[in-house]
Structures are given as C-alpha cells and as structure tokens.
Amino acid sequence: MQKRYLDCSASEISQLSKKALLEAIKGSEGRLLVSETIGTIQPVLMNVTNAELAASQGADILLLNIFDVNNPVIQGLPVGTAPQDIIRTLKHLTGRAIGVNLEPVPAGFYNPNQDAQWQISEGRLATVKNAITLKEMGVDIIVLTGNPGNGVTNQEINQSLKELKATVGDDVVLITGKMHAAGVLNASAEQLITESDIRCFIDSGADVILLPAPGTVPGISAEFVQKMVAYCHSQGVLTMTAIGTSQEGADLQTVRQIALMCKMAGTDLHHIGDSGYNGIALPENILNYGIVIRGVRHTYSRIARSINR
C-alpha cells in the first residue's frame, strides 16, 4: 500500500512514480495544498524563490506558472544553476513534487490588450515538444489550462491532452481544466466546465480534473463543484479545485471560507494561485488555507519537512 503524500519525506517524494504519486495524493483524503508561483519576477524574499517561500508555509505541491521551457528562469535559485537542472534543483531545495502549467492557446490567437506578463511564448505552449522537455527536466505534473486573456478553450485543452497522453502520459501526471474563463467570455459560470467536458478529458487521458473553487468564478457555487467532483470520482479520476481569480490575495476569512467549501465539495487537491503578491499568494493565506484543510499538526509537519533539508 502506497504511503500517503501527507506523510512522505522529501526523499520519498523524489522517488515517487506517476502511479505512486497519484495513489499518495488519493490517500491523503483532500488534505493537500498546491501553491502556484511565478519564478520569472523578483521573489518576495529577494534571494529565496517564491516556490521555497510557499513550501515554508506548508504547500505540499508546487506549480510553476509562466515557465518557458526554452528560457527556463526561476529567480532566487543558486547562482550558476544550469537551465536543464532548474526543476531538479527546486525539488531538492523544497522536497516537493513540481508541476508546470502549459497553455493550449489556439493557433493564430492574438489579444492586443493582453498584459505583457501573460503574453504567450513558444516555450509555454502545450506542445508535445515542450512536454517532453519538461519530463526530461524532472517535472512530476503538467497542468493544461489558460492564463488570463489567452483564449484557451476546453476543445483546445482536450486536443493537447490527447497528444501529451500519447507521449508523456505514462510518466507525468496530467491535470486538465480551467480556473477561469481565460478570455473566452461565452464560457463563463457553469459553462466553464460541464460533465460533457469532463467526460472528454477523461477519455483523452486526464488523471486529475481542474475545477474553479466555489466562490471564485461568478456563478460557481459549492453545490455545482460538489456535483462535478462527485462525477469525476465516479469515473475514477481525481480533482483539483483552484483559486485562479486573485482571491489568493483576499482577507483570511474569505480564503478560509473558500478552503472549507472546497473541502466540503470533496476535492482531492486544493490549489491557491500566484497573485496575492505578484508571483505568489499572500504567505499567510497559504498557511491558513493549509490549517483549514488539515489542521495545525500536519501543516507544521509539512513546514518542518521543508526546513529540515
């Protein structure tokens, strides 16, 4: 029987296969926090990566956003870290499983009003080439989703998922879905993701379905998310609820409420976004989200495992 991720040491996490990682997540019964960070900008703690800061607040899994495989950058890593060693170095420093976002942006898509930070580059696209590169760099998880204004649709996600499943699907956990509309305005509220979309994702090889957390996207209620989670579980896949609407920078009461709603919905993974500060959620929100879903003992145990490297 696979040891649950909640109790794994850093060395044990580093040795987990895809199958073992999924079993370890499932065995943790909804008590795992995924913290998204951006490494291309100045870290909050200057010479310490935002990912390390998130781990120090109890994050269990680290998800990298705006990570370009052709120009991999994580500010705060030791000087001289080779590009091909960035992911493995971060895994060593944090003792966490590492995921990266890739975006299935439609061919020819252009948004003239797009913020420079979110503008897509070749190395961030959800292509087979980029997925293979990430696998070689040591990534454990690839998340197929869309950043604000990049026009990612569920149809594009599904097509990319099929291609990635055929090439890296035996070794890398594939998470698919949307945290928000990503600029597709006719795909808001409950149309953001439907049972039909989920069925397509499962048929195409998704291991985990990404859903917006209750109370984040307008119209996404706790009842709706609970229904979608129950459907995913009935089909044999895990779920991850996500705060991708900058509410990771909200007050503690709001974050605690969202965390509890996600827990009641039955999700397996809890995601908190990167926009509390620019590039990481408010550290106190990461800490308190973890306390809500698993209490003080296991939260501080995760922190200790980050410190005692």
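The figures that follow rest on heavy atoms only: side chains count, while hydrogens, waters and symmetry mates do not. Just so you know, these numbers come straight off a predicted model, no measurement behind them.
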Residue among L6, I61, L16 satisfying side chain to side chain contact (heavy atoms under 4.5 Å, CB included) with I25: I61
Within the 3.5 Å criterion, strictly below it, is a donor on S196 or T194 matched to an acceptor on the partner's side chain? no
Give me the atom names and distance for the closest heavy-atom approach of N50 to V44. OD1-N, 3.1 Å
Could you tabulate the donor-acceptor pairs under 3.5 Å formed by side-chain atoms of residues 284-296, not counting sequence neighbours?
{"unit_1": "N285", "atom_1": "ND2", "unit_2": "E248", "atom_2": "O", "d": "2.8"}
{"unit_1": "N285", "atom_1": "ND2", "unit_2": "A250", "atom_2": "O", "d": "3.0"}
{"unit_1": "N288", "atom_1": "OD1", "unit_2": "R256", "atom_2": "NH2", "d": "2.8"}
{"unit_1": "N288", "atom_1": "ND2", "unit_2": "E284", "atom_2": "O", "d": "2.7"}
{"unit_1": "Y289", "atom_1": "OH", "unit_2": "H270", "atom_2": "ND1", "d": "2.9"}
{"unit_1": "R294", "atom_1": "NE", "unit_2": "T299", "atom_2": "OG1", "d": "3.1"}
{"unit_1": "R294", "atom_1": "NH1", "unit_2": "R31", "atom_2": "O", "d": "3.0"}
{"unit_1": "R294", "atom_1": "NH1", "unit_2": "D60", "atom_2": "OD2", "d": "2.5"}
{"unit_1": "R294", "atom_1": "NH2", "unit_2": "G58", "atom_2": "O", "d": "2.5"}

D140 side chain vs G99 backbone, donor-acceptor pair below 3.5 Å: no
Show your working on side-chain contact (heavy atoms from CB on, under 4.5 Å) between L45 and E52 and close with a plain yes or no. CA-CA 10 Å; L45 298 181; E52 289 174 272; over 6 Å; no
Side chain to side chain contact (heavy atoms under 4.5 Å, CB included) partners for P72, two or more places apart: F67, P83, I86, M137
Tell me yes or no: between the side chains of Q159 and E163, is some donor less than 3.5 Å from an acceptor? yes
Any side-chain donor-acceptor pair under 3.5 Å between N101 and T145? no
Under 3.5 Å, is there a donor-acceptor pair linking the side chains of S9 and E12? yes
Begin from the C-alpha positions of I193 and K178 and carry the test side-chain contact (heavy atoms from CB on, under 4.5 Å) through to its verdict. CA-CA 8 Å; I193 187 166; K178 295 177 74 175; over 6 Å; no
C8 versus Q2, closest heavy-atom pair with distance: SG-NE2, 4.3 Å
Any residue meeting side chain to side chain contact (heavy atoms under 4.5 Å, CB included) with P214, in chain and number order, not counting sequence neighbours: A222, V225, M261, C262
For S160, enumerate each residue passing the side chain to side chain contact (heavy atoms under 4.5 Å, CB included) test, keeping only those at least two apart in sequence or located in another chain. P104, A126, L144
Can you pull out every side chain to side chain donor-acceptor pair (under 3.5 Å) where at least one residue sits in residues 20-30? Sequence neighbours excluded, please. none
With S14 via side chain to side chain contact (heavy atoms under 4.5 Å, CB included) - residues at least two apart: none
Okay, side chain of T267, backbone of T241: is any donor-acceptor separation there less than 3.5 Å? yes
